[in-house]
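Within every chain, numbering begins at 1; the chains are lettered A, B, ... in the order of the sequence lines, protein sequences first and strands thereafter.
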Amino acid sequence: MIDIEVLSKLFNNYYYFAAIILFIIGFHTMLTHANLIKKIIGMNIMETAAFLIFVSIGYIEGGRAPILDEGFDQIYMNPLPQALILTGIVVAVSVTAYALSLIIKLYQHYGTVDADEIARIRSYKP
Amino acid sequence: MNLNYEHLPVIIVALLLLAAFLEPIVYRHKKSWAAPLVIASMAFFALSSLYLMAAVNYHGPFNYYLGGWAPPFGIELEIDYLAVFLLLTFSVIGLIAIVYGLQDLKHGLKDEVLGWYFTLYLLLMASMAGISVTNDLFNMYVFVEISAISACAIISIKESRECIEASLKYLILSTLGSGCILLATAMLYMITGHLNIGYLNDVLPRVMSHYPNNILISLGFFVVGYGVKAALFPLHVWLPDAHTAAPSPSSAVLSGLVIKVYAAAFLKVFLKAYPREIFLEIPVMEIVLFLSVLAILYGSIVAMVQEDIKKMLAYSSIAQIGYVFLGFSLMGQRAVAGGLLHIFNHAMMKSMLFLAAGIIIYSTGIRRIRDMKGLGVKLPLTMGAFTIGALSMVGIPGTNGFISKWQLALGALDLGRPIIVVVILLSSLLNCLYYMPIVINAFFGVKGEPELEIGKVPGVMLYSILFLGFGIIFFGIYPAPLLAFLQKTVTAIL
Amino acid sequence: MWEGDELLGMYWQAIIPLWVVLFPIFMTPAIFILSKRSEKLRDGLSVLTAVITFFSVASLYPFVMEGKTIEYTLFQILPELGVTVRIDILSFCLAILSSFVWMMATIYSLDYMKPEHGKNRYYPVLIFTLGATLGIFFAGDFFTLYVFFELMSLVSYVLVIHEETPTALKAGYKYLIMTIIGGLALFFAIIATFELAGSVSLSKGVLVSKPSTLAFFAFVCYLIGFGMKAGMFPLHVWLPEAHPVAPSPASALLSGIMLKTGAYGMLRVLFYVFNIEVVQSARWDLLVAVLAVITILLGSAVALTQFDLKRRLAYSSIGQMGYVLLGMILFTEQGLVGDIFHIFSHAFMKSTLFLAAGAIIWKTGLRNINDLAGIGRKMPFTMGAFTIAALAMIGIPPLNGFLSKWTLSLGALEAGLPIYVVILLISSLLNGLYYLPIIIAAFFGGEEQEHAHGEAQHVEAGINLRGEATAKMVIPMVILGLGCFFLGLFPSNIAYELSLKAAVFLFRGGM
């Protein structure tokens, strides 16, 4: 049965599956919510999903950190994605911080963090 | 190779970054040194780009292993014709914009943030240089993020409501784009185990039949990611606000250079990393072509109804980036050369137009097109330069805009697509419809002295736009060396 | 062509086209700078430039009469495309005509423009346009031609809107948009030609010798581009707006010369890009013929309904350009002679008419035809010139209009298309209907009237209102008017000889 095949594929690659779901949640939150803070949260969820995918590429069931000792036949995980994602996380944190600071500024100007509300206030202006 | 120019690309990026972080310190303790520092860094950038271009043109492209680590493990920089072409474009226009900006920013920004502005500007330049030279997808992602943050910050630095809003919008959409780019990179890494563009190009043909889904997803996410960042229709929504709200020199750089760097990154990923066969199976380039045609028409039409001059220029940029993508997505020799040429030409035209608009705003405070009646009498040189830019946008022979249109149209005809030529011509007509009335109103129809309050225009601002105006004419009459260079570039890519 | 021994001997002639194009263009800034210093110097220099240009062009006469051509490339702009210079008999015809009429119009401008504003802009633009127009005629390939065509069209915008009234600006905008549309169509046509043939040069023989879809679109686009300039129906809409609002000497040039650049371009297209066989076998000539016939009848008929003098003249120009378009697709040698000769005739007639109309407006402020009764008694020379040109328009025998119509009709008969002769006759009749009443009223009608309204306008300028316009205005007018007479008197005059040679030249393949 094809369905079972698909399901088993999904089950074996559950981390990818989880990442895709997270990505969609993040994407959806980011685009549909009017609250700016929620938008930023969605943005973070989306980025986390991308990180998860990246990290899980290098993940091997039962593998360990690539520290070489006696035997060379040990299974170890690919360290490169993890190293890269550290950079990615740093970038994401700084983007988040910057976005939040912008939202604070907006709050000072408008007294709200709701994008619709802000648009409404703006449209009142001549 | 007695002079070790191989290290130059790294030195450029590192030096710009260093200067960027020195800038606030310098500004705090020795204010008068801040401006010379930024100028000196940019001048160094420009000169070394020029030197690199000469070196690459003479000795051929070369690869540089960062820290001596050879790929696939280390980060590789590829300094090919494309890279030096981009470096030179960015550095020269960037230098002119900041020379202009020194005057304009004093007027438009609060005194205490000027040092930070320089930091952001240099960061932006460093990241653009990085994107141009890197041959590593993840490295490219990092630079893309740096440029996104600094580009947003350069808008929000004015701290007015519009600026904050525009830059938040830009930031959110831009992060969305970065997320897509990262995900697409992950998809490629998953099936190939490489991030290096050269290696990807080697491995992908072998694995593409096994993992069609990954390829498809990565293509889609790359298009969305770079599309958002380069403001390809319909992902352009952030651009008009962002480019309108920014200070004029920022607008010039954002519209003239920053969206182009993403287009160039798109070119690198799609034509250098992916093998050409993929596009025969997956018509992603056709989609991009379609989007760019829509972008050209949409941008031009919406620009017609704008009242604010900077907003009009911003919408015009959406149309113009469409030309660049049009050239790339046609994937013919001449078409891609036309797209690259348009990166250069539009960088000159649009930054000149934004800077000219900046002078108008600086000296009169007028932003609305309707109020610009008789401006040509008061600001003859500025409006003269604006006229040159406008004619170039329309594509009148003798200006560089004509050359890129010619190249693109011929590229489209080479591939047997006369309808694309019609789109290009239609858009030229639309450009005429919104640029010409400004020029006409500025020069004609007002008898005697128009009643406008004109502030003094600093010489530096005027000279910088005149220099760009001269460039527009020069490359309109003598584009031969540039075209020859682009010929080499394109032959190397395709 | 450059060839061995002749190289040195031809050297100085080869320079002339370059010189006559660049000289006015380089004089433009000089005139502009001088205009800040002294009005006299500015005026003098403008006239001097036009005169020197005319005589420089004229000095090519013995050279082209030997039937020689020169073509060389100055420098490349794009690969395969450069600025190319070419002298042959056809370009000489148009160039000598343009520079002559230009000289007259510049002299005329001296007094006409005195009460106007913006003279510091007018003269440089006038001279610059001269250079650009000559550039069109001396272009050696379509690319160069296109560059100068755009340059001329755009710069002459400033002439059109010179008065800067809202009407003028509106007309100018229409003109500008149509110009750009025409330019873009040309762009497409040239790029398609380049794609099909790999070259757009005039010295490669026939560029496109097989009809194809792309070739057809290229042909249509050439027709749009050049036809727009020539006022061909349905692209004529800008013409009756733009020509009347310009200052009269500029109208004379717009109608007399710049329309001809479109006709010149079409001639080059028909004989160099495509050839007779291609156009005739694909029946593309039918398209041009239909449009030309509509243009002729529409121009003449609508002129009847116009009561603004200059508007009537502008519509008449549309009709006359129809003759020229019709003449070139007859594809007979006789028809082509008539065609090129009509370019000469119409340039002389229409510039005389516009200059005369300008003199009347300048003198009396009257633009409406109904007010012109009796004007001939006050301004005998002006109206005399007007009358000669108007009669030539109608095609009264010994005048040049007759000669061109006669030759055109012979050509039409030779081509076996007598219907065109009928059309020419109908159009002549219409011409008679709208020109004769003006003449009759001017000389025989109306009582002497005081035109207080006209006087008030010129009192400040201190111009004598009684009688004729000034000599500087009358003399160019009369010279052009007499030109209409002498160029028709003998069928062996210079213009006819040149037309004959040019037609034969084109028919032999134009190399």
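Neither the backbone nor the side chain of C/Leu151 comes within less than 4.5 Å of any heavy atom in chain B. With a 4.5 angstrom heavy-atom cutoff, B/Gln407 touches chain C only via side-chain atoms. Using a 4.5 Å cut-off between heavy atoms, C/Phe194 touches chain B through its side chain atoms alone. For a residue to count as touching a neighbouring chain, one of its non-hydrogen atoms must lie under 4.5 Å from one of that chain's; by this rule C/Phe217 does not touch chain B. For chain C, the nearby parts of B/Leu433 are the backbone and the side chain; heavy atoms of each come within less than 4.5 Å.
Going from atom CD1 of B/Ile440 over to atom CD of C/Glu164 covers 11.0 Å, rounded to the nearest 0.5 Å. Atoms SG and CG, from B/Cys432 and C/Leu176 in turn, are 5.0 Å apart once rounded to the nearest 0.5 Å. To the nearest 0.5 Å, atom CD1 of residue C/Ile177 and atom CG of residue B/Leu429 are 6.5 Å apart. Taken to the nearest 0.5 Å, the CD1 atom of C/Ile191 stands 11.5 Å off from the NZ atom of B/Lys405.
Nearest heavy atoms, C/Tyr146 versus B/Pro397: CE2-CG, 3.7 Å. Minimum interatomic distance between B/Leu425 and C/Leu184 (heavy atoms only, all atoms of both residues): O-CD1, 3.1 Å. Nearest heavy-atom pair, C/Glu195 versus B/Leu413, reported as atom, atom and distance to 0.1 Å: OE2-O, 3.5 Å. In this structure, C/Val158 and B/Phe444 approach most closely via the heavy-atom pair CG2-CZ, 4.0 Å.
Residue with the most contacts toward chain C among B/Leu426, B/Ile403, B/Asp414, B/Val394: B/Asp414 (heavy-atom pairs, distance under 4.5 Å). Of the listed residues (C/Phe188, C/Phe187, C/Phe148), the greatest number of heavy-atom pairs within a distance under 4.5 Å of chain B belongs to C/Phe187.
In this structure, C/Ile180 and B/Ile396 have side chains that are in contact, with non-hydrogen atoms separated by less than 4.5 Å. Considering only heavy atoms from C-beta on, C/Tyr173 comes within 4.5 Å of B/Pro437 through its side chain.
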- Query: After noting the C-alpha distance and the side-chain angles of B/Asn441 and C/Leu169, does the key distance pass the side chain to side chain contact (heavy atoms under 4.5 Å, CB included) rule?
  - Reply: CA-CA 9 Å; B/Asn441 267 336; C/Leu169 285 173; 6.0 Å; no
